[in-house]
Amino acid sequence: MDSLFVKNQSGRIFEIKLRKSSYTVGRAAGNDIRPEDDPSTSRRHAEFRQEDGRWTVQDLGSSHGTFLNGKDVAKPTVLSPGDEILIGQFTFWFGKIGRPEPSPPPLSALSGKTIIMSVADIMSATIHPEADASAPAQAARVESPQARAFAIMSRATEDLVAQRPLPQVLERFMDMVFEACSPDRAAILLLQGNPPLLKVQAQRGRGERLEVSRTIADLVIQGKQAVIIEDAQMDQQLAGSESIMLQGIRSAMCVPLWNNREVLGILYVDSPNRGCFSRDDLALVTLLGNVVAVKIENVRLFQRDQAMREIEKELSLAARIQQRLLPAEPPVVAGYQLAGMNKPCKAVGGDTFDYIMRDNGRLGIALGDVSGKGIGAALIMAMFQSAFRAHAGTDIGLRELVSRLNKAVCQNAEDGKFITFFCAEIDLESHVLRYVNAGHNPPLLIRAGGKVEKLSTGGIILGFLPDSPYSVAETGMGPGDVLVMYSDGITEAFSPSEEEYGEARLEQLLLAERGRTPVEIQDAIVRSVAEFSLGGEQDDDMTLSLLKRNS
């Protein structure tokens with residue numbers, strides 16, 4: 001089966017097995033691969049498709065292009081193993097990379113009096129007493145193995161429902177292991193990291209150095225099998241193992257920590273004496289291993305749930321703080337009416353709008369949108385909003401205001417983050433509107449007579465070039481004219497069939513509603529977008545700010 005290997009912005013590599021005949025890449029809902037927080041990836045950016053047994057890649061009209069081995073691809077291009085595809089800030093490789101995982105040793109790899117049993121078989125079987133004349137030390141323990149097993153498993157089940165930190169849980173189970181089979185040493189090792197490696201989490205018994213044979217560990221983990229070794233020194237496969245020989249191990253048992261879905265690690269016991277463990281011991285320790293695995297998973301889920309609750313609490317607080325940074329109510333201005341709203345798609349967002357009375361006596365209005373969304377975008381926007389209020393409260397001109405804000409974003413935002421921004425000031429006596437548009441969706445000036453003007457003059461986005469020039473334009477506002485500023489979460493809302501709401505639909509709505517108050521127009525926009533998307537998932541922050549001159 002062919003695969004795509006994907007490296008994200010943090011450098012982690014993931015594998016996508018190509019089970020379908022096509023995969024689309026883009027930020028919009030409905031794509032198979034969604035780099036949501038990459039602003040350089042378009043909503044529908046590229047497509048991987050299988051045709052006649054061969055895979056191709058094609059750009060879907062993206063803003064920044066799709067590159068195959070450094071060359072732009074505008075039409076379907078056949079892929080070969082090892083090809084590198086660049087989409088936004090994500091790198092894809094086609095084919096297979098890396099080395100295959102080592103396969104588990106065959107059952108015959110361990111010889112002598114080694115016993116290998118399927119965990120599934122053990123889990124479905126009943127423990128039977130085993131009398132072994134060659135192991136007199138076992139006599140006291142095998143007099144009633146079923147009663148002993150029942151008592152141990154009962155306590156293990158009780159521990160399963162008790163909420164304790166993981167180290168305490170593992171120590172409790174170590175007590176039960178020593179009661180179950182009286183080993184010389186025991187250890188619980190969990191798979192951790194990428195690639196996953198066995199790390200000792202709990203250990204008990206003689207000495208500080210405990211190493212588990214790789215041959216045994218691979219057999220147990222990859223085969224989901226339990227192993228009992230009566231004499232490791234006589235086993236031909238294990239006799240060459242340095243860890244076995246140096247530690248003087250004769251008897252050993254190793255079982256997987258299997259939670260009925262995956263192996264989390266191993267439970268290992270050993271002894272320097274020969275023939276210390278029986279089949280009943282192996283079955284009981286295997287059952288304990290299963291209980292340990294389920295408990296470990298429960299503890300992890302509980303800790304994850306607790307962490308998520310803390311995160312949700314922090315996000316709720318952040319959302320309340322962010323909403324308080326936005327205007328609670330629009331100012332009362334003679335001759336004008338205002339309205340504004342912000343609806344983040346996550347707990348916090350990267351959109352903002354604001355009003356401010358400037359030192360020159362004019363009303364300042366602004367709306368901005370940070371690339372991306374979530375906590376990172378919200379922090380950048382909080383910084384930006386503070387800078388805007390500090391500078392906009394003075395009497396500097398709009399060109400200088402935007403230039404200073406651009407430098408602040410360049411200095412404080414991380415690479416790849418930028419802000420689209422629109423700000424304006426209205427002279428309340430002459431009704432002249434002066435504005436700068438820094439790469440934002442052009443606000444719509446709806447004339448009372450039914451014409452629409454798009455306010456696009458200004459310059460590029462903030463945060464791209466520290467010395468970028470900006471220009472100021474001006475227009476008048478007549479009685480009944482409405483200025484509508486919006487973020488792209490409005491026009492880029494999608495219907496269930498992936499149709500975009502679009503600017504044309506917004507213009508038609510505004511022309512029809514222009515006689516209403518700003519609050520009524522705002523409510524009509526929100527209602528129209530909701531009906532269009534049929535309650536679908538909001539993919540981006542939605543922000544509106546409206547200014548209307550009284551008739």
Side-chain angles (χ1 to χ4, degrees), residues 4 6-9 14 16 18-50 56-67 72-76 85-92 342-351 368-378 381 416-420 439-442 461 486-507 509 525-544:
L4 281 176
V6 189
K7 182 170 73 172
N8 63 13
Q9 296 117 310
F14 304 89
I16 301 173
L18 300 177
R19 305 178 188 277
K20 304 192 302 179
S21 60
S22 70
Y23 292 80
T24 57
V25 183
R27 290 187 296 112
N31 286 293
D32 300 293
I33 305 171
R34 295 181 62 194
E36 298 181 47
D37 295 325
D38 181 5
S40 56
T41 301
S42 298
R43 299 182 68 83
R44 283 180 60 81
H45 195 114
E47 180 182 28
F48 294 93
R49 177 177 291 274
Q50 189 179 44
T56 63
V57 63
Q58 177 185 9
D59 189 81
L60 298 178
S62 67
S63 301
H64 298 282
T66 300
F67 299 88
D72 197 0
V73 288
K75 59 182 181 179
I85 305 97
L86 183 63
I87 298 176
Q89 298 180 32
F90 284 69
T91 303
F92 295 73
N342 167 257
K343 183 182 179 184
C345 68
K346 296 185 177 181
V348 291
D351 283 5
D369 181 0
V370 177
S371 61
K373 41 191 172 288
I375 296 176
M381 184 49 73
K417 289 292 186 182
F418 56 84
I419 298 177
T420 66
H440 194 73
N441 305 79
I461 56 178
Y486 62 93
S487 66
D488 57 10
I490 299 292
T491 51
E492 293 184 4
F494 278 81
S495 70
S497 61
E498 289 293 311
E499 179 186 3
E500 193 174 68
Y501 187 83
E503 293 182 8
R505 187 175 276 103
L506 178 61
E507 287 183 28
L509 175 69
I525 295 171
V526 173
R527 185 168 55 252
S528 175
V529 172
E531 292 173 352
F532 178 79
S533 58
L534 293 179
E537 179 184 357
Q538 183 183 334
D539 193 46
D540 202 354
D541 304 334
M542 295 194 297
T543 305
L544 287 166

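In this chain, residues are counted from 1 in sequence order. Only heavy atoms go into these numbers, but all of them, side chains included; no hydrogens, no water, no symmetry mates.
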Point-to-point distance, once rounded to the nearest 0.5 Å, from [atom1] of [X] to [atom2] of [Y]:
X: Ser21; Y: Arg49; atom1: OG; atom2: CZ; value: 6.0 Å
X: Tyr486; Y: Asp351; atom1: OH; atom2: CG; value: 13.0 Å
X: Leu506; Y: Ile490; atom1: CG; atom2: CD1; value: 7.5 Å
X: Lys417; Y: Ser371; atom1: NZ; atom2: OG; value: 4.5 Å
X: Phe48; Y: Ile16; atom1: CZ; atom2: CD1; value: 8.0 Å
X: Thr543; Y: Asn342; atom1: OG1; atom2: CG; value: 4.0 Å

For a side-chain contact (heavy atoms from CB on, under 4.5 Å) check, start with the C-alpha distance between Thr91 and Val6, then their side-chain angles and the critical distance, and finish with the verdict. CA-CA 6 Å; Thr91 303; Val6 189; over 6 Å; no

Quickly, which of Glu503, Glu500, Met542 forms a side-chain contact (heavy atoms from CB on, under 4.5 Å) with Thr491? Name it, please.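 Answer after filtering Glu503, Glu500, Met542: Glu503.
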
Given Glu499 and Phe532, is the side-chain contact (heavy atoms from CB on, under 4.5 Å) satisfied, shown in steps? CA-CA 9 Å; Glu499 179 186 3; Phe532 178 79; 4.1 Å; yes

So, [X] side chain and [Y] main chain: donor-acceptor pair closer than 3.5 Å or not?
X: Ser495; Y: Ser533; result: no
X: His45; Y: Gly65; result: yes
X: Lys343; Y: Asp541; result: no
X: Arg27; Y: Ser42; result: no

What are the two closest non-hydrogen atoms of [X] and [Y], and how far apart are they?
X: Ile525; Y: Leu544; result: CG2-CD1, 3.9 Å
X: Gly26; Y: Thr41; result: CA-CG2, 4.0 Å
X: Leu534; Y: Pro496; result: CD1-CG, 3.5 Å

Checking side-chain polar atoms at under 3.5 Å, does [X] have a donor or acceptor matched by the opposite partner on [Y]?
X: Asp369; Y: Ser487; result: no
X: Tyr501; Y: Ser528; result: yes
X: Asp59; Y: Ser62; result: yes

Kindly write out the residues that satisfy salt bridge (Lys or Arg N to Asp or Glu O under 4.0 Å) with Glu507, not counting sequence neighbours, or none if the list is empty. Lys454

If we only count heavy atoms from C-beta on, is the [X] to [Y] side-chain gap below 4.5 Å?
X: Asp488; Y: Thr420; value: no
X: Glu492; Y: Arg43; value: yes
X: Ile461; Y: Ile419; value: no

NZ/Lys20: more than 12 non-hydrogen atoms of other groups inside 6.0 Å: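 Result for NZ/Lys20: enclosed.
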
Given the rule in the side-chain contact (heavy atoms from CB on, under 4.5 Å) test, do Ile33 and Phe90 qualify, once you have shown the distances and angles that lead to the verdict? CA-CA 11 Å; Ile33 305 171; Phe90 284 69; over 6 Å; no

Quick one: side chain to side chain contact (heavy atoms under 4.5 Å, CB included) partners of Thr24, sequence neighbours excluded? Asn31, Asp32, Arg44, Glu47

side-chain contact (heavy atoms from CB on, under 4.5 Å) for Leu4 and Leu18? Distances and angles first, verdict last. CA-CA 7 Å; Leu4 281 176; Leu18 300 177; 3.9 Å; yes

